[in-house]
Amino acid sequence: MANVNRQYDNCLLDPDKITANLKTKRIGRKILVYDSTSSTNDIAAEYARNKQNDGMVIFTEEQTAGRGRAGNKWLSGRAESVLCSIVLIENKFHAELLSLTCAVAVAETIGRTGRSRAKIKWPNDIMLNGKKVAGILLESKTLPILKSKIYVAGIGINCHQKKESFTDELQQIATSIDAESHSISDRVLLAKRLLSSVDHWLEVAANNSEKVIDRWRELSIQLSHRVTLIFNGAKFTGHCIGIDPEKGLILQLDTGGIRMFEAAHTSVAKSSS
Ligand code: BTN
């Protein structure tokens with residue numbers, strides 16, 4: 001059920017404020033802000049049927065059926081987060097590279113808001129001080145009529161949540177920008193920076209994908225650390241030695257050998273530093 005908290009109603013997302021002086025080439029030329037919707041990824045997927053909507057962004061103040069990776073729900077109180085989905089119609093990028101690019105863009109956006117630097121936990125959890133502050137759900141479809149692949153990059157950034165906003169279980173692993181910075185973040189500014197950052201990093205990826213990988217490496221909390229992954233129900237533990245823009249995370253397995261793990265079929269059981 002939708003959360004009826006109206007505490008932040010005097011600073012709702014405003015499309016005109018988000019687009020004012022927005023200097024992006026591709027992302028955010030069309031923006032819609034919903035008051036409430038099921039999932040912005042579903043709305044974006046409908047708009048993605050039209051090639052003209054490449055770069056369009058759907059924001060909402062709340063979702064009644066927000067979803068995360070691996071079939072998880074994505075919960076957020078009304079106006080507490082930046083919740084959005086970006087339509088990307090493309091043939092250039094493999095899903096893994098797109099996923100890494102979005103993770104770098106979101107981490108950099110959040111990193112600019114305060115003293116703490118945001119980090120990436122593969123595939124695309126964004127962490128502040130060791131807790132998850134944002135997530136990205138990349139969904140794709142092939143529409144033969146468009147002769148292109150359609151991607152929807154759904155992004156949820158926790159902004160105003162207090163510790164008590166999370167369940168006891170989540171308090172150990174989730175946080176918000178405000179909780180970490182002890183201030184109140186400006187969601188409009190964050191939304192603007194997010195669109196600029198996604199626009200910038202997509203352009204970098206198109207021209208030189210190695211630059212995205214290099215930045216991902218710098219922001220990764222797992223690179224050079226031990227990681228346990230679950231792939232097709234089986235556990236794999238090893239030392240993270242790299243990332244491949246098409247094939248995913250590369251582990252030097254404890255059992256011997258090197259193996260790559262695609263984000264779509266893998267979850268992280270444990271990362272240690
Ligand atoms: C994850 O870390 O599990 C991904 C979370 C993605 C959440 C965002 S919120 C906006 C968009 N709409 C959704 O239903 N999900 C994504």
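Just so you know, these numbers come straight off a predicted model, no measurement behind them. The chain is numbered in sequence order, starting from 1. Each ligand, and each atom within it, is numbered from 1 in the order the structure gives.
Salt bridge status for D199 with K25: absent, with no side-chain N to carboxylate O gap under 4.0 Å. D42 and R67 are joined by a salt bridge, as a carboxylate oxygen and a charged side-chain nitrogen come within less than 4.0 angstrom of each other. Salt bridge absent: D125 and R69 never bring a charged side-chain N and a carboxylate O closer than 4.0 Å. Salt bridge D214/R217: present, at least one basic N to carboxylate O contact under 4.0 Å.
Sorted by chain then number, the residues whose non-hydrogen atoms approach ligand 1 to under 4.0 Å are S39, T40, N41, Q63, G66, R67, G68, R69, W74, L83, C84, S85, D125, K132, G135, I136, L137, G154, I155, G156.
Residues that satisfy the side-chain contact (heavy atoms from CB on, under 4.5 Å) test with I241, not counting sequence neighbours, are H239, I250, Q252, I258.
Side-chain contact of S76 with Q63: a donor-acceptor pair under 3.5 Å is absent, judged by distance alone.
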